[in-house]
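Worksheet: one structure, shown below.
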Amino acid sequence: MARTEADVGVVGAGVMGLAASLLLVEAGYRVTVVAQHLAGDLTPDWTSPWAGALLAPHPDAGFPDLQENSLKRWHRLRHECRDAGVEERDIYEYYDNRKDLSSIWYKRIYPDLTAIPTEDLVSGAEIGFKYRGLIVDPNAFLPWITRLLKEKGVKFIQRRISSLDELKSITGAATLVNASGLGARELANDEKVHAVRGQTMFVPCDSRNMDRVTIHQGSHYTYAIPRIASGGVILGGVAQPDNYSRDIDPATRDDIMRRVNELTKGKFFWVDHKGAIVKDLVGFRPARTGGIRVEREDRVIHAYGLGALGYVFAFGAAEKVVSLVQEVNRAKL
Ligand SMILES: Cc1cc2nc3c(=O)[nH]c(=O)nc-3n(C[C@H](O)[C@H](O)[C@H](O)COP(=O)(O)OP(=O)(O)OC[C@H]3O[C@@H](n4cnc5c(N)ncnc54)[C@H](O)[C@@H]3O)c2cc1C
Ligand SMILES: *[C@@H]1O[C@H](CO)[C@@H](O)[C@H](O)[C@H]1NC(C)=O
Ligand SMILES: CC(=O)N[C@H]1CO[C@H](CO)[C@@H](O)[C@@H]1O
C-alpha cells in the first residue's frame, strides 16, 4: 500500500496510544498500532492495567487545559458508552499540604465542588472537598477501546521495536506517534523519563453500591477506588520514585491497610489483607521531569510522560496529537 498522508503509525497500546488512535481514526486517519503489550497482558512491564483509576484532575500536575479537555471526553464516554468501564461517583479529596482551596483550579469544571467543614475532616487533613466525578476500570476500558478500534479498522501488531525507523518500516506510515510510556526513555532518548513505583491491593467485593472514592494527598498518598466492572475495590498506595522492585513489600500492605482505615473511618476493617482473596498489584508510573510531553519533532509526535495521571490526561493529550498530525500534513514535511 502506498504511503499516504492518511497513514499514522503509533507505538504503544497503553491508554495514551489507544486514546490517540481513537481520535486519529475519528479525524479520518488510517492507524496501525505497534506494541509489545496489549490489553489483557498483565505484566508490570507496562503501566495502564495497574491504575486505580480515578479520573480526578490534579492541582499540581500542570497542563489544566489538557486535563479539562480530557475530562469532557470521559464524561461523554460515561454517557454514551455504558460498557467502557467509566462510572460516576462522589469524590472526596483530602490534603495535608495546603491551607485552602485556591490551588483547586478544577472548581470551574465541577461547580458542585464544595469544601468539607473543618469538623468533618479526616484526621491530619488540612483541607477537604467533594464533587461528583468519574472513575474508570482499566480491565474494562482497555479491552473495550481495543475492540472499538479494531471495528474501526485499526491494525494491531504485537512486537517490540528498538527504533522509530523500525516503526516506520513496519507500518508504512509517514507520520509516527511515540506513545511508549516508560519505553520512551529509550525510544526518545529522554533521560527525564523515570518510573515512580506503585503498590496497591485489589479486594474483591460488591463495589456497585460503594458510593464514593476517598483520596488523601500530601505527606501520604492513600486511596480507596471502586473498580466496578472487576467487582472490587483498589486500596493504595505509595509513590516511590526510581524504585524498580517488582516484589510485594508486606510492610507496605500493612501500612496501606492502616492508612485506608484511618482515612475511611474504618470502612475496610472487614478486609483480611493477609488472606488469599486479596490481590497485590505493582505498577510503574511513567513519569517525566517537567511533566507530560506532547510535542512534534518533524514527523514524530511525542506523547509520553503521563506519570500518575495517564487516564486523566489521555484524551486531552490525544486531541493535541491529532492537531500536531494535521500540522505535519499542512506543512507537507
Ligand atoms: C498504582 C498506579 C495507580 C495509578 N492510578 C491512576 C489513576 O488513578 N488515574 C490516572 O489517571 N492514572 C493513574 N495511574 C497512571 C497511569 O496508569 C499511567 O499514567 C498510564 O497508564 C500511562 O499510559 P501510557 O499509555 O503512557 O503507558 P503504558 O500503559 O505503559 O503503555 C506503553 C505502551 O508502549 C509499548 N511500548 C513501550 N516500549 C515499546 C517498544 N520498544 N516497542 C513496542 N512497544 C513498546 C508498551 O508495550 C505499551 O503498549 C496509575 C499508575 C499506577 C502504577
Ligand atoms: C523499593 O521498594 C521496595 C518495596 O517497597 C522496598 O523493599 C525497597 O527497599 C525499595 N528500594 C529502594 C532502593 O528504595
Ligand atoms: C526509536 C526512535 O526513533 N524514537 C524517536 C522518538 O523521537 C525522538 C525525537 O524525534 C527520536 O530521536 C527517536 O529516534
Side-chain angles (χ1 to χ4, degrees), residues 9-21 33-39 41 43-58 61 67 70-71 74 91 134-138 141-142 146 156-164 166-167 170 177-188 193 195-202 213 215 221 223 225 227 234-253 255-256 280-288 292-294 302-315 317-318:
V10 175
V11 57
V15 65
M16 184 64 247
L18 297 172
S21 297
V33 177
V34 180
Q36 189 178 0
H37 307 94
L38 301 172
D41 187 336
T43 76
D45 295 329
W46 66 313
T47 315
S48 292
W50 309 113
L54 179 58
L55 293 173
H58 198 279
Q67 296 187 50
S70 194
L71 285 161
W74 282 114
I91 298 178
L134 296 178
I135 52 177
V136 59
D137 184 337
F141 176 74
L142 296 171
T146 302
F156 284 83
I157 300 173
Q158 184 161 19
R159 181 159 161 187
R160 177 179 169 79
I161 57 164
S162 47
S163 75
L164 286 194
E166 209 178 326
L167 176 63
I170 294 170
V177 178
N178 231 344
S180 55
L182 278 176
R185 195 182 165 84
E186 286 168 37
L187 285 184
V193 173
V196 177
R197 183 179 179 277
Q199 180 180 323
T200 62
M201 285 174 268
F202 175 75
V213 177
I215 180 163
Y221 189 30
Y223 47 83
I225 307 171
R227 263 197 187 184
I234 290 282
L235 306 180
V238 285
Q240 303 171 321
D242 301 309
N243 187 322
Y244 293 84
S245 168
R246 293 170 177 225
D247 299 335
I248 305 302
D249 180 27
T252 303
R253 313 168 88 228
D255 190 48
I256 289 171
D280 297 293
L281 314 182
V282 171
F284 300 93
R285 303 173 182 89
R288 180 174 178 272
I292 182 173
R293 180 179 188 206
V294 191
H302 298 288
Y304 60 78
L306 281 67
L309 297 171
Y311 284 82
V312 171
F313 274 120
F315 281 104

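Ligands are counted one by one from 1 in listed order, and the atoms in each one are counted from 1 as well. Predicted, not measured: the structure shown is a model, and the values here were computed from it.
Ligand 1 has no atom lying under 4.0 Å from any heavy atom of Gln199. For Trp50, the heavy-atom gap to ligand 1 drops under 4.0 angstrom. Residue-ligand proximity: Ala308 is placed with a non-hydrogen atom under 4.0 Å from ligand 1. Under a 4.0 Å heavy-atom criterion, Leu182 is not in contact with ligand 1.
Of the protein's non-hydrogen atoms, Ser48 OG, 2.5 Å is the one closest to atom 29 (O) of ligand 1. For atom 40 (C) of ligand 1, the closest non-hydrogen atom on the protein side is Ile161 O, 3.6 Å. Nearest protein neighbour of atom 4 (C) of ligand 2, counting heavy atoms only, is Asp249 CB, 3.4 Å. In terms of protein heavy-atom proximity, atom 27 (O) of ligand 1 is nearest to Gly181 CA, 3.6 Å. Remark: minimum distance from atom 24 (P) of ligand 1 to any protein heavy atom is reached at Met16 CB, 4.0 Å. The single protein non-hydrogen atom nearest to atom 9 (N) of ligand 1 is Leu54 O, 2.9 Å, given as residue, atom name and distance. For atom 38 (N) of ligand 1, the closest non-hydrogen atom on the protein side is Gly183 CA, 3.6 Å.
Those atoms of ligand 2 with a heavy atom of Thr252 less than 4.0 angstrom away are 5 (O).
Residue Val34 places no N or O, backbone or side chain, under 3.5 Å from any N or O of ligand 1. In terms of N/O distances under 3.5 Å, ligand 2 is not approached by Ser245.
Ring planes of His37 and Trp46: parallel class, angle under 30° (limits at 30 and 60°).
No side-chain heavy atom of Leu38 sits less than 4.5 Å from a side-chain heavy atom of Thr146. Side-chain contact check for Val312 versus His58: every heavy-atom pair is 4.5 Å or farther apart. Contact annotation: the side chain of Trp50 never approaches that of Val282 to less than 4.5 Å [non-hydrogen atoms, C-beta and beyond].
Remark: atom 9 (O) of ligand 2 lies closer than 4.0 Å to no protein heavy atom.
With respect to the salt-bridge test (charged N to carboxylate O, under 4.0 angstrom), the residues Arg246 and Asp45 qualify.
At a heavy-atom distance under 4.0 Å, no atom of Ala303 approaches ligand 1.
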